[in-house]
Amino acid sequence: MACWLLKSEPDEFSLTDLERLGQARWDGVRNYQARNFLRAMASDELFFFHHSSCAEPGIAGIGRIVGAAFADPTALDPESPYHAPKASAEDNPWTARQVAFVEAFPRVLTLPRLRQLPALADFALLRKGNRLSVMPVSPAEWTAIVAAARG
DNA sequence: GCCAACGTTGGC
DNA sequence: GCCAACGTTGGC
């Protein structure tokens, strides 16, 4: 099983929102590398839910991928902030996933705390200038983060 | 195909 | 609000 990290601005959609809903559609990804990672996910794989562009950026908890990848309907919706004018029903390059709530950490694992973990020396999230909103997490990174979150 | 301009992301 | 990083766009 691969594991992942997905970023969201909590003002838009937070882990608390996902917990309340139980499941939600993860959509609006408009970067090809991030989209390719979305497509590479298998059903039931787990991901870290990362809060970005907020007062306390960091990993808030864990979610799970539900079912298969599908075309992102927000790309076709002129009313959506994620509307992609070049996309059509016949040719929609953008991908969405259904996701489920799994776990909220007792407190957000902030970027400064993540930087303290030796296992995360090469973690993509912590690299300067990183803007990718969907990225893979290695098993060693996953284990270290979960241990820090619960410890 | 190059590359400057521009827009977006996201931490601080 | 600032600014570094980086993806995208569009002229040539």
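- A chain of hydrophobic side-chain contacts below 4.5 Å, direct or via other Ile, Leu, Val, Met, Phe, Trp or Tyr residues, connects A:Ile59 to A:Leu6.
- Rounded to an integer number of Å, the gap from CD of A:Gln33 to P of C:dA5 is 18 Å.
- A:Leu109 has its CG atom 14 Å from the P atom of B:dG11, to the nearest Å.
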Requested in this report: Go through the steps to decide whether A:Phe105 and A:Leu15 satisfy the test side chain to side chain contact (heavy atoms under 4.5 Å, CB included), and finish with yes or no.
Outcome: CA-CA 10 Å; A:Phe105 292 154; A:Leu15 182 64; over 6 Å; no
For nucleotides 8-10 of chain C, which of its nitrogen or oxygen atoms have a protein nitrogen or oxygen under 3.5 Å away, and what is each distance?
none

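- There is no side-chain donor-acceptor pair under 3.5 Å between A:Gln98 and A:Trp26.
- Two residues are said to be in side-chain contact when any heavy atoms from C-beta on lie closer than 4.5 Å; A:Arg25 and A:Pro73 meet this criterion.
- Spacing between atom CD1 of A:Ile59 and atom P of B:dG11 amounts to 11 Å, rounded to whole angstrom units.
- Rounded to an integer number of Å, the gap from CZ of A:Arg131 to C1' of C:dG7 is 6 Å.
- Side-chain contact check for A:Thr74 and A:Asp77: no donor-acceptor pair (N or O, by modelled atom type) lies under 3.5 Å.
- Surrounding CZ of A:Arg39 are more than 12 heavy atoms belonging to other residues, nucleotides or ligands, all under 6.0 Å away.
- For A:Arg150 and A:Glu103, the salt-bridge test passes: some basic side-chain N is under 4.0 Å from an acidic carboxylate O.
- Between A:Arg127 and A:Asp122 there is no salt bridge, since none of the side-chain N atoms of the basic residue sits less than 4.0 Å from a carboxylate O of the acidic one.
- The CG atom of A:Asp11 sits 15 Å away from the C1' atom of B:dG11 (whole-angstrom rounding).
- Listed by residue number, the members of residues 119-127 of chain A with any heavy atom below 4.0 angstrom from DNA chain C form an empty set.
- Among the protein residues, A:His51 comes within range of no part of the nucleic acid, since none of its heavy atoms lies under 4.0 Å from any strand.
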